[in-house]
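Just below is one structure, and these are the notes that go with it.
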There are 2 protein chains.
Amino acid sequence: MPKLAQKRAEQNRRQIEQAALGLFTRQGFHGTNMREIAERAQVSTGAIYTYFPTKGALYESVVRSCRTSALHSYEKRIRSWLAREFDTPGEPFTQRHLAGLAGEIRSFVYDHPDYWKLMYVDVVEFNNRHFADSFHNVPERFNQTLDAQLKRASGHPAWCGIDPGFALATVYMQILTYFLVERLFGGNQHLGAADDTAIQRIIDLALHGLWRKNGAAATIRESAVHGPGVASSVQRSAVESNQQPGKPGKAAVRNAPSER
Amino acid sequence: MPKLAQKRAEQNRRQIEQAALGLFTRQGFHGTNMREIAERAQVSTGAIYTYFPTKGALYESVVRSCRTSALHSYEKRIRSWLAREFDTPGEPFTQRHLAGLAGEIRSFVYDHPDYWKLMYVDVVEFNNRHFADSFHNVPERFNQTLDAQLKRASGHPAWCGIDPGFALATVYMQILTYFLVERLFGGNQHLGAADDTAIQRIIDLALHGLWRKNGAAATIRESAVHGPGVASSVQRSAVESNQQPGKPGKAAVRNAPSER
DNA sequence: GTTCAAAAAACGAACGATCGTGTTTTTAGC
DNA sequence: GCTAAAAACACGATCGTTCGTTTTTTGAAC
C-alpha cells in the first residue's frame with residue numbers, strides 16, 4: 001500500500017523541524033509563522049500539517065529532538081570525559097581537570113547554541129515547561145555518574161569537606177554561565193579578559209578561593225584589568241601543585257569567535 | 001487649553017507601561033497583543049496610540065522604564081551596601097560580607113523578577129539589543145565603585161592575588177545565577193539544598209576553594225546530599241576566622257518561596 | 001523493466017480569526 | 001465652548017489552519 005517510505009518521511013520531518021528550530025531560536029515561537037517555516041524547509045505550508053497537527057505540536061517535537069540530540073551527545077560526552085579524567089591516578093579536581101571541563105562546556109555552548117537559545121525561548125513563552133527538569137538536583141546527578149571518583153576526592157586530607165557533587169555542580173554552573181553570557185547575551189568579554197584568561201582565573205579561584213593561608217598566592221602578580229578590552233597576559237598560578245606531574249596543564253579553552 | 005494635565009498623562013503612561021510589562025514578561029513581545037494590554041491597563045486600544053506611536057515603541061519605553069527603575073534602585077543599592085560593608089575595619093571579603101551580598105542579590109531577583117524576565121525576552125526576540133550593555137566589563141565597574149576598598153583587599157598578605165574586581169564579579173555572577181535559576185528557570189533547589197544552605201556552601205567555596213592546605217577543612221563533616229529534597233542541616237565551616245569577631249555571621253538569605 | 005490504479009502526500013488558494021494600526025465619533029478636561 | 005483625549009469602529013495585513021486539487025509514490029500485475 002502506498003504509504004510514504006519511512007526513510008523519506010523521517011527526512012521530511014527532520015527537515016521541517018530543523019527549519020522550525022532555526023526560526024524559533026532566532027525570533028521566538030510567537031514571532032515565527034508557519035509560512036516562514038515552510039519556506040525555509042522548502043515545503044508548502046500544508047505539507048507541514050501532514051507531519052505535525054498544530055504549530056504547538058511542532059514546537060514540542062522540536063524541543064524533544066533538540067534536547068535528545070544535544071543532551072544525549074553532550075551530557076554523556078561531558079560525563080564520560082569527567083569519568084575518564086577522574087580515573088587518572090592522583091588527586092581529582094586539579095587545574096587540568098577543570099580546564100578540560102571548561103573546554104567541554106565551551107564546546108557545548110558554542111557548538112549547540114540552539115539548545116540553549118531554545119531553553120530561553122521556553123523560559124519566555126512557556127514558563128520553561130520543557131526544560132525545567134534539567135535543573136533538578138544537579139549535584140545528585142554528578143554524584144550518580146561520578147560516585148567513586150567523587151568519593152575519592154572527598155576522602156583526600158586536603159579536601160574542603162563540601163559534598164563533591166555540590167562542588168562540581170557549582171563549578172559547572174559557573175563556567176556554563178560564563179560561556180552562555182559570552183555567546184548568547186552579547187557579553188563581549190564580560191569579565192574583562194579573554195576567554196582562556198577568565199576561565200583560568202575562575203578555576204584558580206574555585207581551587208583555592210579568595211584567601212590563602214600559606215602564602216602561595218604571593219607568586220601571582222596583581223593582574224587587575226583597567227579599561228575595557230585590555231586583558232592582561234595570562235599569569236600562571238603557583239598553586240598548580242595539584243596538577244599531575246609532567247602534564248603541561250595548558251588551558252583547553254580556545255578564544256571565542258567575535259560574533260556568531 | 002484641554003491638554004491633559006501632565007500628572008494625569010504620566011499616570012496613564014505608567015499604567016499602560018506596567019500592563020505591557022506584565023504581559024511581555026509572561027508571554028513575550030510577539031505573544032502579546034495590543035488589545036490585551038489595553039484591557040489590562042483598563043483603557044481602549046486606541047488610547048494607547050496617544051501615548052506610544054507603535055507597539056515597538058511601547059516595548060522600548062517599557063524596557064527603558066524597567067531598566068532605569070530596577071537598576072537605579074538596586075544597582076545603586078547593592079553598590080552602596082558593598083561600599084558600606086567594605087568600609088568596616090578588618091578584612092574585606094568575609095563570610096559576612098558575601099552573605100550580605102547574597103541577600104541583596106536575592107532581593108534583586110525576587111523583588112524585580114520582571115527586570116530579568118524582560119532581559120530574557122530581549123535575548124529571545126531582540127538579540128538582547130537593549131540589555132547587552134549590562135554585561136560589559138563587570139569587574140571594571142566593581143573596581144570603579146569600590147576602588148579603595150578592593151585595593152585594600154588586594155594588599156592583604158593572604159589575598160589570592162586575583163584582581164579583586166574580577167573576584168567580586170565572579171562571586172556576584174555565581175550567586176546571581178543561582179537565584180535566577182531558582183526563580184525563573186524552575187530550578188526547585190537545583191543544587192540539592194535549601195537556599196541558605198546552598199549559598200552558605202557557595203560562599204565557603206568562594207572564600208577558601210576546593211582544596212585547603214592547612215587542614216582547616218577537617219571540621220566540616222561530609223555533607224553529601226543523597227536523594228532529592230533531602231537537604232542536610234547547615235554545618236558551619238571552621239574557616240570563618242575571616243569573619244569580624246563578635247558578629248554572628250548568620251546567612252542573610254531567606255528561604256525561597258516554593259512558587260511565584 | 002514497464003505499466004497501472006490506488007492512495008498518500010504535496011500544494012497553494014482560501015477561510016475565519018485576529019493582528020497592529022488608522023479613522024471617526026463621543027467624551028471630558030481646561 | 002473649544003479642543004485634545006478616549007472610545008468605538010473599521011481596515012488591510014497576516015495569522016494558524018483547512019480543503020479541494022494536483023502531483024508523486026507505491027506495490028503488484030504484467
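Each chain gets a letter, A, B and so on, in the order its sequence line appears, and its residues count up from 1. Only a predicted model underlies this, so the values are computations on that prediction, with no experimental measurement involved.
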Spacing of A:I48 atom CD1 relative to C:dC11 atom C1', expressed in whole Å:
12 Å
Could you write out each protein N or O paired with an N or O of nucleotides 20-24 of chain D at a distance under 3.5 Å?
none

Hey, does B:F179 have a side-chain heavy atom less than 4.5 Å from the side chain of B:W116?
no
What is the separation between atom OH on A:Y51 and atom C1' on D:dT17, rounded to the nearest whole Å?
18 Å
Applying side chain to side chain donor-acceptor pair (under 3.5 Å), can you list everything that pairs with B:D122, at least two apart in sequence or on another chain?
B:Y59, B:H130
Any residue meeting side chain to side chain donor-acceptor pair (under 3.5 Å) with B:R67, in chain and number order, not counting sequence neighbours
B:D133
Hey, are the side chains of A:V171 and A:L98 touching, using non-hydrogen atoms and a 4.5 Å cut-off?
yes
To the nearest Å, how far apart are A:I16 CD1 and C:dC11 C1'?
13 Å
Give a yes or no on whether the ring-centroid distance for B:F185 and B:H190 is below 6.0 angstrom.
no
Using whole Å, report how far CG of B:L23 lies from P of C:dG20.
11 Å
Under 4.0 angstrom between A:T50 side-chain N/O and C:dA9 OP1 or OP2
no
Starting the side chain at C-beta, find the nucleotide from D:dA6, C:dA10, C:dG20 nearest to B:K55.
C:dG20
Separation of C:dA9 atom C1' from A:F52 atom CZ, nearest Å, is 15 Å
For A:E17, give me all partners under salt bridge (charged side-chain N to carboxylate O under 4.0 Å, His left out), at least two apart in sequence or on another chain.
A:R13
Using a heavy-atom distance cut-off of less than 4.0 Å, which residues of residues 29-47 of chain B contact DNA chain C?
B:T32, B:N33, B:M34, B:R35
Of the nucleotides C:dA9, C:dG20, D:dG16, which has the atom closest to the A:Y49 side chain?
D:dG16
Would you call A:I37 and A:L58 a side-chain contact if the rule is heavy atoms closer than 4.5 Å?
yes
Which atom of B:R201 lies closest to which atom of B:A193, heavy atoms considered:
NH1-CB, 4.0 Å
Using the salt bridge (charged side-chain N to carboxylate O under 4.0 Å, His left out) rule, collect all pairs that involve residues 50-65 of chain A, keeping only residues at least two apart or in two chains.
none
